[in-house]
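Take a look at the structure below.
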There are 2 protein chains.
Amino acid sequence: MADMTAAWEPVPRSRTFELVLARIEEQIIAGRLRVGDRLPPERELVDMLGVSRAAVREALRVLEAQGVLRSRVGTGPSSGTVIAAMPDAGLTQLLRLHIALANFPMDDVVEARATLERASARLAAELVTEDGLERIRDPLLRMDDASLPREQFNDCDTDFHVAIAEAGRNRLMADMTIAVRNAVRHTLLTAFNKLDDWEKVASRLRAEHHAIYEAIAAGDTQAAGDLVEAHVRGFHQDIVKKITDGTNPPAP
Amino acid sequence: MADMTAAWEPVPRSRTFELVLARIEEQIIAGRLRVGDRLPPERELVDMLGVSRAAVREALRVLEAQGVLRSRVGTGPSSGTVIAAMPDAGLTQLLRLHIALANFPMDDVVEARATLERASARLAAELVTEDGLERIRDPLLRMDDASLPREQFNDCDTDFHVAIAEAGRNRLMADMTIAVRNAVRHTLLTAFNKLDDWEKVASRLRAEHHAIYEAIAAGDTQAAGDLVEAHVRGFHQDIVKKITDGTNPPAP
DNA sequence: ACCAAGTAATGGTCTGACCAAGACCCCAAT
DNA sequence: ATTGGGGTCTTGGTCAGACCATTACTTGGT
């Protein structure tokens with residue numbers, strides 16, 4: 001009998017929608033489908049691939065969830081299914097759910113945030129343009145308004161960190177940074193709303209944000225990275241941890 | 001007339017599968033659905049939600065693509081649709097496509113790899129257990145075999161970096177690190193296969209790997225991080241860049 | 001006690017139909 | 001010639017209903 005040491009890998013039982021998926025991915029990987037290109041209409045794909053429309057649609061749904069596609073009804077340009085590029089939407093969604101599932105404990109998320117935002121800030125300090133600086137400054141200044149409601153403060157905070165991530169001009173780093181930041185958005189807002197000494201916390205955050213901005217504007221990569229990392233870690237350590245308890249209630 | 005400055009955000013035209021998605025996510029975010037739990041059978045969801053089975057299935061496909069679900073046919077335990085946790089599968093897939101779409105230029109990917117693997121190595125040096133060290137050592141030693149085919153060398157290389165990422169005991173960091181490493185797996189293999197002076201490159205990689213291992217084993221966070229970052233950057237800079245040209249052929 | 005055939009539950013697939021949004025075409029009214 | 005409006009076609013979105021394949025449990029015979 002033949003050599004049995006090589007495990008009898010079970011034949012990957014492919015579902016037809018996975019085959020459709022594979023065909024489309026082929027085109028993408030091979031570079032034949034590029035951002036902006038239109039896919040054939042669903043009904044044509046059905047004929048071309050010899051599968052049901054449901055199978056085609058399930059494959060398209062997957063790609064859409066990954067931010068690779070965008071579908072619109074109707075005729076004419078901008079209709080139909082086109083290759084798009086919205087990686088951070090897909091990333092954000094994915095992280096959000098897995099964080100909720102506690103596959104990713106909050107401490108892990110903070111560590112990841114610290115790592116990513118530190119690196120992003122360093123890139124920003126190195127590469128930021130005048131335009132990029134302005135995008136960082138805008139939410140920074142809006143946050144200085146002491147009467148700003150907490151929810152909008154949180155939004156500006158998000159914008160601030162997003163602007164830094166994008167200033168580094170590295171889409172992958174930025175998208176991951178943004179996705180992780182977005183994934184904790186709700187948690188932060190909850191924490192904000194539970195705070196008694198809101199004004200004290202807010203002014204601390206403002207001060208840290210200003211310092212970060214200055215470091216980036218000055219092109220001081222080391223300081224920018226250190227300040228951001230301390231900002232992220234400190235905030236979660238000192239503020240969020242004391243408050244967030246009931247989130248993700250443990251099983252009975 | 002009322003204030004018009006607030007943009008007339010178009011009502012988000014929700015498709016029914018998105019509503020189904022939202023309901024399921026609700027349960028997850030609220031913690032009522034946890035890893036290991038089973039969802040009702042598709043047909044029951046259809047009755048409960050008052051939508052077609054196609055809509056339910058499209059929603060489930062999305063969650064499956066994100067690594068949140070796992071479906072199996074048949075009866076009995078382990079069949080049906082259950083909440084699972086396979087974040088890195090979803091992440092890897094997502095990054096792979098977007099890298100292919102050149103939404104993420106290779107330089108950006110290298111930067112991200114350097115950042116993530118540096119952080120992972122630091123965590124590993126700090127937290128690794130004896131068991132974790134062994135998981136790192138195993139692929140390391142297998143790579144020492146000079147007769148190892150390039151493809152398997154690449155697999156071991158992947159295993160080595162994955163083992164380091166997992167030794168830091170931070171699932172999110174590890175999954176992102178793994179996903180990015182996997183996303184360039186094909187690119188690296190292609191580069192390997194084009195090399196003329198393979199043995200020279202291989203021994204350089206071996207040496208760097210051993211040094212990294214030693215630093216982690218010694219608990220030297222600084223050295224571990226620096227070595228890994230240099231390893232990642234140096235490899236792409238010196239090896240891959242010289243060789244990889246035709247990948248992702250430019251549009252005509 | 002054990003094995004085999006039967007059966008029920010479940011996801012996977014397909015067909016065919018209709019709906020709704022959007023863009024284009026064509027003709028009538030100005 | 002221009003413009004307005006309605007018809008129409010394409011396209012994705014949704015649905016209902018049926019059948020298939022896999023899997024585990026049940027039942028009955030040896």
Side-chain angles (χ1 to χ4, degrees), chain A residues 8-24 27 33 36-84 86 89, chain B residues 8-24 27 33 36-84 86 89:
Chain A
W8 278 78
E9 295 266 340
V11 168
R13 197 186 108 278
S14 272
R15 295 167 288 185
T16 68
F17 89 89
E18 289 179 315
L19 299 178
V20 177
L21 203 47
R23 291 299 183 91
I24 299 177
Q27 306 283 317
L33 277 177
D37 290 353
R38 291 182 51 164
L39 267 72
E42 293 178 1
R43 291 167 177 81
E44 273 182 42
L45 283 174
V46 165
D47 292 341
M48 291 160 55
L49 301 174
V51 300
S52 75
R53 209 175 146 207
V56 169
R57 285 177 59 79
E58 288 183 18
L60 296 181
R61 268 303 89 71
V62 169
L63 293 172
E64 192 182 305
Q66 291 172 342
V68 171
L69 294 183
R70 188 218 67 196
S71 289
R72 284 202 200 147
V73 294
T75 62
S78 94
S79 79
T81 305
V82 306
I83 306 288
M86 324 167 356
Chain B
W8 278 78
E9 296 264 343
V11 167
R13 197 188 105 276
S14 271
R15 297 168 285 185
T16 67
F17 89 88
E18 290 178 315
L19 300 177
V20 177
L21 205 46
R23 291 301 183 88
I24 299 177
Q27 307 283 317
L33 277 179
D37 290 353
R38 291 182 52 163
L39 268 72
E42 293 178 2
R43 291 166 178 82
E44 272 181 44
L45 284 173
V46 166
D47 292 341
M48 291 160 56
L49 301 174
V51 298
S52 75
R53 208 175 145 205
V56 169
R57 285 179 58 81
E58 287 183 19
L60 296 182
R61 267 308 84 72
V62 169
L63 293 173
E64 191 183 305
Q66 291 173 341
V68 170
L69 294 183
R70 189 218 66 194
S71 288
R72 286 202 200 148
V73 294
T75 61
S78 92
S79 81
T81 306
V82 308
I83 306 287
M86 327 176 322

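So that the names make sense, note that chain A is the first sequence line, chain B the second, and so on, each numbered from 1.
- Within the nucleic acid shown, B/Arg70 has no heavy atom closer than 4.0 Å to any nucleic acid atom.
- With rounding to the nearest 0.5 angstrom, the CG atom of B/Leu33 is 9.0 Å from the CG atom of B/Leu69.
- A/Arg38 comes within 4.0 angstrom of no nucleic acid atom, judged by non-hydrogen atoms across all strands.
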Contact list (N/O, under 3.5 angstrom) for nucleotides 15-24 of chain C vs protein:
unit_1, atom_1, unit_2, atom_2, d
C/dA23, O4', A/Thr75, OG1, 2.7

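- Rounding to whole angstrom units, CD of residue A/Glu44 and P of D/dT11 are separated by 7 Å.
- Separating the CD atom of B/Glu42 from the P atom of D/dA16 is a distance of 15 Å, rounded to the nearest angstrom.
- The salt bridge (Lys or Arg N to Asp or Glu O under 4.0 Å) test applied to A/Glu44 returns no partner, not counting sequence neighbours.
- Counting to the nearest Å, the C1' atom of C/dG11 and the CG atom of B/Leu63 are 16 Å from each other.
- When the shell of 6.0 Å around CZ of A/Arg23 is examined, it contains 12 or fewer heavy atoms from other residues, nucleotides or ligands.
- To the nearest angstrom, P of D/dT11 lies 13 Å from CG of A/Leu39.
- Atom pair B/Phe17:CZ and D/dT14:C1' shows a separation of 12 Å (rounding to whole Å applied).
- Among residues two or more places apart in sequence or in another chain, the side chain to side chain donor-acceptor pair (under 3.5 Å) test is passed with B/Glu58 by A/Arg57, A/Arg61.
- The side-chain contact (heavy atoms from CB on, under 4.5 Å) test applied to B/Ser52 returns B/Ala54, B/Ala55, not counting sequence neighbours.
- Considering only the side chain of B/Pro41, C/dT10 comes nearest among C/dC14, D/dG12, C/dT10.
- Contacts of A/Ser71 classified as side chain to side chain donor-acceptor pair (under 3.5 Å), with partners at least two apart in sequence or in another chain: A/Thr81.
- With the nearest nucleotide of DNA chain C identified for both A/Gly50 and B/Pro40, B/Pro40 has the one nearer the 5' end.
- C/dT10 atom P lies 18 Å from atom CZ of A/Arg15, rounded to whole Å.
- OP1 or OP2 of C/dG11 has not a single side-chain nitrogen or oxygen of B/Arg72 nearer than 4.0 Å.
- The distance from atom CZ of B/Arg57 to atom P of D/dC15 is 15 Å, rounded to the nearest whole Å.
- Here A/Arg53 pairs with A/Glu42 under the salt bridge (Lys or Arg N to Asp or Glu O under 4.0 Å) rule; sequence neighbours left out.
- Whole-Å rounding puts the A/Glu58 CD to C/dG11 P distance at 13 Å.
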